[in-house]
Amino acid sequence: MSLQNHHAVIVGGTSGIGLATAKLFLSQGAQVTVASRSQEKVNATLHELGPKAQGYAMDFQDESQTKQFFEKVSDFDHLVVTAAGGGSSHGSFRALGIDVARAEFESKFWGQYTTVKAALPFISKSGSITLTSGAAAARPMKGASTLVAINSAIEGLARALAMDLAPIRVNVVSPGVVDTPVFSEIDAKSREAMFEKIAQSVLLQHVAKPEEIAEAYVYLATNTYTTGAVLQVEGGAILSGIG
Ligand SMILES: NC(=O)c1ccc[n+]([C@@H]2O[C@H](COP(=O)([O-])OP(=O)(O)OC[C@H]3O[C@@H](n4cnc5c(N)ncnc54)[C@H](OP(=O)(O)O)[C@@H]3O)[C@@H](O)[C@H]2O)c1
């Protein structure tokens with residue numbers, strides 16, 4: 001399937017993996033709509049993507065904002081959700097507050113759930129939904145119990161939705177470590193050291209660029225015989241024993 005004349009909506013498309021995916025969909029001839037909370041980020045993204053893209057500010061944790069967003073977008077073909085906030089749930093299970101774990105679920109799991117529900121009336125029957133988990137689901141590491149649980153829940157939800165929503169295809173991209181603004185709060189030196197350590201440990205010897213992950217979303221949107229799948233794009237991290 002070609003993306004020519006298809007309309008893709010990318011929730012989280014103003015940064016990192018989502019932004020790279022928006023660019024790739026556009027380069028393959030799709031019309032693209034991006035969304036995220038910050039109007040400033042949406043404006044900057046639209047400036048970068050050019051006139052074939054549109055975008056709106058929207059918080060995917062807010063059901064009514066999410067519904068209104070899809071009513072504005074109306075009929076479209078492919079939904080990609082890469083949005084997720086926070087990332088503050090690292091730490092030992094014993095020490096981590098339940099409120100922190102819940103807040104993380106509210107964003108990455110319930111945000112994706114809410115988005116699919118709001119989008120459903122408008123997705124083409126020959127279209128696709130691609131959610132985002134993370135390699136930690138397949139290879140749990142210490143101190144990441146919440147993240148592992150969220151990513152596993154997303155993968156389970158996608159398999160169930162592939163059954164419920166067929167013939168709409170529902171899949172998941174599960175990235176390993178990717179160099180995106182999600183790590184911008186770590187100072188540059190520590191981030192470089194962390195990436196270097198990861199690069200030495202994974203089979204493919206580097207931390208992913210967002211563009212390498214974006215290709216997986218294009219595959220899942222265009223391949224007409226894949227549904228209920230989790231596409232691992234993690235450089236061999238799981239085989240190397242890294243979540
Ligand atoms: N980077 C990695 O190493 C890695 C590894 C495994 C899995 N992942 C997963 O891949 C996905 C993308 O990660 P990334 O690294 O590309 O992150 P990122 O660069 O931080 O981008 C996250 C995007 O989500 C948007 N967003 C956050 N909360 C939102 C909300 N409540 N409503 C709507 N939009 C929201 C952000 O924009 P606003 O701030 O404007 O809302 C931003 O556009 C996430 O699910 C992440 O968990 C990433």
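In each ligand, atom 1 is the first atom listed, and ligand 1 is the first ligand listed. Every value quoted in this text rests on a predicted model; they were computed, and no experiment measured them. Every heavy atom of this structure was used, including side-chain atoms; hydrogens, water molecules and symmetry mates were not.
Here Thr180 has side-chain heavy atoms under 4.0 Å from ligand 1, and that is the only part of it that gets that close. Under 4.0 angstrom from ligand 1, the non-hydrogen atoms of Lys41 all belong to its side chain. When non-hydrogen atoms are compared, ligand 1 lies under 4.0 Å from the side chain of Lys108 (C-beta onward) but not from its backbone.
Taking 4.0 Å as the cut-off, Glu40 does not count as a neighbour of ligand 1 on heavy-atom distance.
Proximity of the aromatic rings of Phe25 and Tyr217 is defined here by a centroid distance below 6.0 angstrom, and this criterion is not met. Between Phe60 and Phe69, the gap from one ring centroid to the other reaches at least 6.0 Å. In this structure, the ring of His78 has its center no less than 6.0 angstrom from the ring center of His7.
Counting only heavy atoms of the protein, atom 29 (C) of ligand 1 lies nearest to Arg37 NE, 3.4 Å. At the top of the distance list for atom 6 (C) of ligand 1, counting protein heavy atoms only, stands Pro175 O, 3.4 Å. Distance from atom 26 (N) of ligand 1 to its nearest protein heavy atom, with residue and atom name: Ala83 CB, 3.8 Å.
Checked against a 3.5 angstrom limit, the closest N/O atoms of Ala135 and ligand 1 fall outside it. Looking at ligand 1, you'll find an N or O of Ile17 within less than 3.5 Å of one of its N or O atoms.
Checking Ala20, Ala237, Ser133, Gly176 against atom 7 (C) of ligand 1, the nearest heavy atom belongs to Ser133.
Per-residue contacts place Ser36 under 4.0 angstrom from the following atoms of ligand 1 (heavy atoms of the residue considered): 25 (C), 33 (C), 34 (N), 37 (O), 38 (P), 40 (O), 41 (O), 43 (O).
Ionic pairing of Arg139 and Glu234 is not present here: no N-O contact between side-chain nitrogen and carboxylate oxygen is shorter than 4.0 angstrom.
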